[in-house]
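First up is the structure itself, then whatever we jot down about it.
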Number of protein chains: 2
Amino acid sequence: MKTVKPKESEAAQTVDVTDLILNDIQTGVLAPGSWLKQIDLERRYGCGRPDVRRALDRLTQKRIVEHVPNRGYHVFEPDGDRARQVSEIRILLETGVADRIIDNATAGAIAELRRLADQFDAVILDGTTIDLYEANLAFHHALLSLCGNDELVSLVTEIRQRTSSAPVSQWITRARIQQSSLEHYEMVDAINMKDVEKLKSVIVRHIRQ
Amino acid sequence: MKTVKPKESEAAQTVDVTDLILNDIQTGVLAPGSWLKQIDLERRYGCGRPDVRRALDRLTQKRIVEHVPNRGYHVFEPDGDRARQVSEIRILLETGVADRIIDNATAGAIAELRRLADQFDAVILDGTTIDLYEANLAFHHALLSLCGNDELVSLVTEIRQRTSSAPVSQWITRARIQQSSLEHYEMVDAINMKDVEKLKSVIVRHIRQ
DNA sequence: GGCGCATAAATTGGTGCCAATTTTGGATAA
DNA sequence: TTATCCAAAATTGGCACCAATTTATGCGCC
């Protein structure tokens, strides 16, 4: 293992170690099932022991890693049932605020959504898996933010992190990715036409994949 | 401040310090806005410094306390807007699974719910605020568990903790408590009659208070 | 008498060290 | 050759100490 950010070893740590580890888990760098040794993380992210412990504890609380006393922490194996349950939760929440999203969508907001949809579409061709992941996140975050319920937005953001630990296994085919992109545009169109039911159905399709 | 559980100072710590602090916050023992000094918590709960730090960090993640660098941790002030947003989330989730609750409700499950509703009703007369809080939690947990989505149950349990930090301010009047109890029975009846819409409307009323 | 400043107390937050437990490696015996 | 047991290395997890920052106290000055 090599240090990820050697240049920032001295700089003021503006970004939490937790997010760094989380990112590496979700991009597959730290494989599901693998053990996270404190020494390794310490060296890899150039931080102290307490930082590593705090990060591992936080990830345990988020149920992204599992803690076995006196053994250590290891990345959770992807659980199909759990992923489906989280999807159901997302469907309930996101379709539940579909009407409010449409109500609050100004022309500017719609334009911004279309821009983000374009951005996602652009990185399909030349972009890493991480780029795709981030662009997708950005679109959905902007979409959901229109509902006006900040708590709901942060909640969905949080539970999304719980299951997409293996994006590779989810987005295996390029066809699926392009389908996702199309659905993004469908959502924007539905909002533009103020068609609540249409928006809901697209959201359900999109989350269920 | 005195030690809460002196008898268990030597025993194997089966319950997390985090839950102890959380309980004291939600029952109003640790008032909103008050500063949580590490040395006090350490003595009060009879645990070491690392335990206190972990607990405070976890509560910060749950956004129940706020952390000010180099100043300490203090209990979040109750936020009306946020409470309303969390209520909206609960409404979306709990009404969203109302049909599944009814589908999965066996005769035994209904009997159990009625027993828990009775229990809540019983502690209205002779019971502390904590007893009420716990009985209410037990009923709603049992009710929600019928939906079959464990993730959703734990999620709702989690977000409930975020806002009910001042139960005193919520359940000021005894009339309101008795109204809650009545609504519990209404829910059980609606489940018994397999009336989804009735159940949904009661849930909405119950959460919105 | 009230305000400002310097000093002292208190609290947080980090670092390092050491005990407890587990895993690994190897030697011995069946 | 394979299974078992013992010892050594490695890892986790807690404890105690110390630096940095903030808050309280008291003195002097206006």
Side-chain angles (χ1 to χ4, degrees), chain A residues 1-3 5-6 8-22 24-25 30-76, chain B residues 1-6 8-22 24-25 30-77:
Chain A
M1 281 194 185
K2 289 203 66 179
T3 305
K5 291 188 166 189
E8 276 194 1
S9 56
E10 284 285 339
Q13 181 177 302
T14 160
V15 51
D16 197 336
V17 193
T18 312
D19 298 326
L20 267 55
I21 301 178
L22 182 60
D24 281 345
I25 290 176
L30 297 172
S34 65
W35 288 92
L36 302 175
K37 298 204 188 80
Q38 297 184 6
I39 290 279
D40 291 339
L41 302 176
E42 199 172 323
R43 281 197 265 254
R44 179 178 171 82
Y45 303 102
C47 60
R49 181 64 59 99
D51 297 298
V52 171
R53 289 192 192 172
R54 199 173 23 219
L56 289 173
D57 187 66
R58 287 180 181 173
L59 293 173
T60 305
Q61 295 300 307
K62 287 171 177 279
R63 300 186 33 194
I64 288 161
V65 305
E66 188 180 13
H67 175 56
V68 184
N70 291 320
R71 289 277 311 272
Y73 301 80
H74 64 88
V75 184
F76 249 96
Chain B
M1 283 192 185
K2 289 205 66 180
T3 305
V4 168
K5 292 188 164 188
E8 276 192 2
S9 56
E10 284 285 338
Q13 181 176 302
T14 158
V15 51
D16 197 335
V17 192
T18 313
D19 298 326
L20 267 54
I21 300 178
L22 181 60
D24 282 346
I25 290 176
L30 297 173
S34 64
W35 288 92
L36 302 175
K37 298 204 190 83
Q38 298 184 5
I39 202 82
D40 289 338
L41 302 176
E42 197 172 325
R43 280 196 265 253
R44 179 177 170 82
Y45 302 102
C47 61
R49 182 64 58 97
D51 295 299
V52 172
R53 288 192 193 172
R54 200 177 19 225
L56 287 173
D57 186 66
R58 287 180 181 174
L59 293 173
T60 305
Q61 295 300 306
K62 287 171 176 281
R63 297 183 41 191
I64 289 161
V65 304
E66 187 179 14
H67 175 56
V68 184
N70 291 321
R71 289 278 310 273
Y73 301 80
H74 64 87
V75 183
F76 248 91
E77 305 273 357

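By convention in this document, chain letters (A, B, ...) are assigned in the order of the sequence lines, proteins followed by strands, and residues within each chain are numbered from 1.
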Any chance you could measure [X], atom [atom1], to [Y], atom [atom2], to the nearest 0.5 Å?
X     : Y     : atom1 : atom2 : answer
A/H74 : A/H67 : NE2   : NE2   : 10.5 Å
A/T18 : B/Q61 : OG1   : CD    : 7.0 Å
B/L56 : B/I64 : CG    : CD1   : 11.5 Å
B/L30 : B/D24 : CG    : CG    : 5.0 Å
B/R58 : B/L22 : CZ    : CG    : 12.0 Å

Item to check | Short side-chain N/O contact to C/dT12 OP1/OP2 from B/H67, under 4.0 Å | outcome: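 No.
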Starting from [atom2] on [N], measure out to [atom1] on [X] and report it in whole angstrom.
X     : N      : atom1 : atom2 : answer
B/R49 : D/dC18 : CZ    : P     : 15 Å
B/E42 : C/dT11 : CD    : C1'   : 12 Å
A/D40 : D/dA10 : CG    : P     : 13 Å
A/D57 : D/dG14 : CG    : C1'   : 14 Å
A/H74 : C/dT22 : NE2   : P     : 15 Å
B/L36 : C/dT11 : CG    : P     : 13 Å
A/W35 : C/dT22 : CH2   : P     : 12 Å

Checklist entry - When you match A/G48 and B/I39 each to their closest nucleotide on DNA chain C, which lands nearer the 5' end? => result B/I39
Checklist entry - Counting only distance, no hydrogens or angles, is the base of C/dG13 paired donor-acceptor with the side chain of B/R53 under 3.5 Å? => result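 In this structure, the two groups form a donor-acceptor pair.
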What nucleotide, of [options], holds the atom closest to the side chain of [X]?
X     : options                : result
B/Q38 : D/dG14, D/dT12, C/dG13 : C/dG13
A/R54 : C/dT15, D/dT12, C/dG14 : C/dG14
B/Y73 : D/dT12, C/dG13, C/dT12 : C/dG13
A/N70 : D/dT22, C/dT21, C/dT23 : C/dT21

Checklist entry - Which is true for B/L56 with a 4.0 Å heavy-atom rule: it touches a base, it touches only sugar-phosphate, or it touches nothing? => result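 Since no nucleic acid heavy atom lies under 4.0 Å of B/L56, the category is nothing.
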Checklist entry - What is the nucleic acid contact for A/R71, judged by heavy atoms within less than 4.0 Å: base, sugar-phosphate only, or nothing? => result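 A/R71: backbone/sugar contact only, no base atoms under 4.0 Å.
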